[in-house]
Amino acid sequence: MQVDVLLGMQWGDEGKGKIVDVLTPKYDLIARFQGGPNAGHTLEFDGKKFVLHTIPSGIFHESTMNLIGNGVVIDPVTLRKEIDNLIEQEVPFTERLLISRKAHLILPTHRLLDAASEAAKGKDKIGSTLKGIGPTYMDKTGRNGLRVGDVELPDFKKRYEALRKKHIQMIERMNYEYDGLEEMESEWLDSIEFMKQIPFVNSEYYINNALKEGKKVLAEGAQGSLLDIDFGSYPFVTSSNTICAGACTGLGIAPNMIGDVYGIFKAYCTRVGSGPFPTELFDETGQKLRDVGHEYGATTGRPRRCGWLDMVALKYAVMLNGVTKLIMTKADVLNDFEQIKVATSYAIDGVETDELPFDHALEGLNPNLKSFDGWKSELSADQELPPALNSYIEYVEKETDCEISIVSLGPDRTQTLIRDMQMA
Ligand code: GDP
Ligand code: IMO
Ligand code: MG
């Protein structure tokens, strides 16, 4: 069997959680491969709403296992809070959840370092979620990190103290003032003990054995392709490879094991945090997208920046990920717009391009926009889509050379139109 991958095409929050939840009944295993509690994946069903940060979005389904892969960074405190919500729903988490021994741990001092780093950057800050993601990945590549498997070692506490000491020295050198570290640490150490209830696995073997046994696996991405550490608008990116290649390193699967790649995008664009956003709208249309789409961060509550769909960026993401099928979400948010626009190319100093330029040039460019008539009607999964929406879908399919296999029409599981019968 092969591993299908579902990942974001934009700047995150495309609706990955909802769609993974919808697709889970077709899979035996859902595996997160990168990111950490900077992610906020929202699921809605039976009148209830859940936001998952570290736990894969298949967790509410009875016969599917969920794996937190080696590429993920875990804050045991956030994980424990997520599990408390599962316990309230009587989800038997110890039977459905596995953690890779090779996943790295976010320490309380990583969070302080994140805050110190952002404070030092002042107006140039990344707009990080301040969950300690950057400093934890820095320790991983710097070969200083602590991993989940380390908590089973007799000298774990000693290793923790050594890394903590190093962090404190760094924070002090940055003249960053903080308090409350002792409470943060005692909660963290308690949460490590709590985490030991969840089976730790050598996940690269687990997943490859599952594939050999014919199990169906879906890899769940976090963030989006335009936040990728290599290909996003650096430095306004996250600290991991969010693109499909990250599924190989973040789970230990070979590139030839990748099956379908589902690229998920909103019918418009949003971004939270700093950095270039060519189609951003600063006017009442942008505000309308924010209000109708409830565009406020699932992790931080920050208002998301909103703008039109950007075909230059979408085609770039399709190329980087080898997308085989596209999924469009939040089409319903555009129900009441007279005109809907998309960026077809960029103009940089009067020169037209349909390629994303090197990062800094993104600041000074103007998008060339094409207008579509709005459909001005409600959408339902039981009815034909209005012709104007079909024209919009066909345009994106033609430009990307990729079929749109699912159109999401609302936040609930049931508000989903599956166009590709193989996926029904
Ligand atoms: P993720 O990070 O990609 O999982 O996305 P988020 O959960 O951060 O943000 C997506 C938001 O849009 C959540 O509040 C979802 O409940 C909601 N959502 C998902 N799909 C749709 C849709 O098709 N229509 C509408 N109106 N909301 C949606
Ligand atoms: P999901 O999985 C949207 C953004 C932050 C910031 C930048 C770096 O829910 O789509 P970090 O905390 O990684 O240091 O922040 O990346 N960011 C996200 N934006 N959705 C996310 O995840 C994000 N995770 C990080 O806002 O601009
Ligand atoms: Mg999100």
Side-chain angles (χ1 to χ4, degrees), residues 6-22 32-45 48-54 56-57 72-73 75 106 110-111 113-115 117-118 121 125-138 220-229 232-240 242 264-277 289 291-305 327-335 378-379 381 406-417:
L6 184 142
L7 38 73
M9 298 274 92
Q10 297 162 325
W11 287 280
D13 303 330
E14 297 90 348
K16 298 175 290 293
K18 174 199 158 160
I19 299 296
V20 169
D21 172 56
V22 167
R32 267 279 301 270
F33 60 88
Q34 46 66 236
N38 49 351
H41 295 182
T42 315
L43 284 67
E44 289 193 32
F45 54 88
K48 288 180 277 191
K49 177 173 167 170
F50 302 97
V51 181
L52 298 169
H53 302 285
T54 328
S57 301
V72 177
V73 289
D75 184 337
I106 302 176
H110 281 131
R111 286 168 53 195
L113 278 168
D114 216 358
S117 162
E118 283 285 78
K121 285 192 161 93
K125 68 177 184 184
I126 308 292
S128 164
T129 59
L130 301 179
K131 302 293 178 192
I133 305 294
T136 307
Y137 280 116
M138 279 165 71
E220 173 180 0
Q223 290 80 52
S225 302
L226 303 175
L227 288 171
D228 181 89
I229 183 73
S233 44
Y234 194 86
F236 302 105
V237 292
T238 191
S239 299
S240 62
T242 59
I264 179 165
F265 70 103
K266 280 183 200 180
Y268 50 98
C269 280
T270 63
R271 175 166 202 169
V272 56
S274 322
F277 180 177
L289 284 172
D291 290 342
V292 181
H294 304 292
E295 295 296 357
Y296 296 88
T299 296
T300 57
R302 291 180 292 177
R304 295 178 184 144
R305 300 156 64 194
I327 296 171
M328 181 197 269
T329 59
K330 301 196 104 166
D332 55 298
V333 174
L334 300 179
N335 284 355
E378 299 292 306
L379 306 175
I406 296 179
V407 182
S408 174
L409 310 172
D412 193 85
R413 245 184 214 172
T414 56
Q415 294 170 300
T416 312
L417 178 75

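Counting convention: from 1, in listed order, for ligands and their atoms alike. Heavy atoms only: backbone and side chains are in, while hydrogens, waters and symmetry mates are out.
Residue, atom and distance of the protein heavy atom nearest to atom 27 (O) of ligand 2 are Val272 O, 3.1 Å. Asp13 OD1, 3.1 Å is the protein heavy atom nearest to atom 20 (N) of ligand 2. Annotation: atom 13 (O) of ligand 2 to nearest protein heavy atom, Thr238 OG1, 2.6 Å. Of all protein heavy atoms, the one lying nearest to atom 7 (C) of ligand 2 is Val237 O, 3.9 Å. Protein heavy atom at the shortest distance from atom 14 (O) of ligand 2 is Ser128 OG, 3.0 Å. What sits closest to atom 12 (O) of ligand 2 on the protein, heavy atoms only, is Thr129 OG1, 2.5 Å.
Taking backbone and side chain together, Gly12 holds no N, O or S atom under 2.8 Å from the Mg ion (ligand 3).
Counting heavy atoms under 4.0 Å from ligand 2, residue Leu227 touches it through the side chain alone. Within the 4.0 Å heavy-atom criterion, the part of Trp11 lying near ligand 2 is the backbone and not the side chain. At a heavy-atom distance under 4.0 Å, only backbone atoms of Leu409 (N, CA, C or O) approach ligand 1. Of the heavy atoms in Lys131, none comes closer than 4.0 Å to ligand 2. Contacts of Lys16 with ligand 2, taken as heavy-atom pairs under 4.0 Å, involve the side chain alone.
When the heavy-atom distances from atom 24 (N) of ligand 1 to Leu52, Leu379, Asp332 are ranked, the shortest goes to Asp332.
With Glu295 as the partner, the side chain to side chain donor-acceptor pair (under 3.5 Å) test is satisfied by one option alone out of Arg304, Arg305, Arg302: Arg304.
Between Gly127 and ligand 2 there is a heavy-atom distance shorter than 4.0 Å. Ligand 2 has at least one atom lying under 4.0 Å from a heavy atom of Gln223. Ligand 2 has at least one atom lying under 4.0 Å from a heavy atom of Arg302. Using a 4.0 Å heavy-atom cutoff, Gly40 is listed among the residues neighbouring ligand 2.
Interface atoms of ligand 1 facing Glu44, defined by a heavy-atom separation under 4.0 Å, are 16 (O). Every atom of ligand 2 with a heavy atom of Ala39 under 4.0 Å away is listed here by number and element: 1 (P), 2 (O), 9 (O), 22 (O).
You'll find the side chain of Pro56 stays beyond 4.5 Å of the side chain of His41, heavy atoms only.
The shortest N or O to N or O distance between His41 and ligand 2 is under 3.5 Å.
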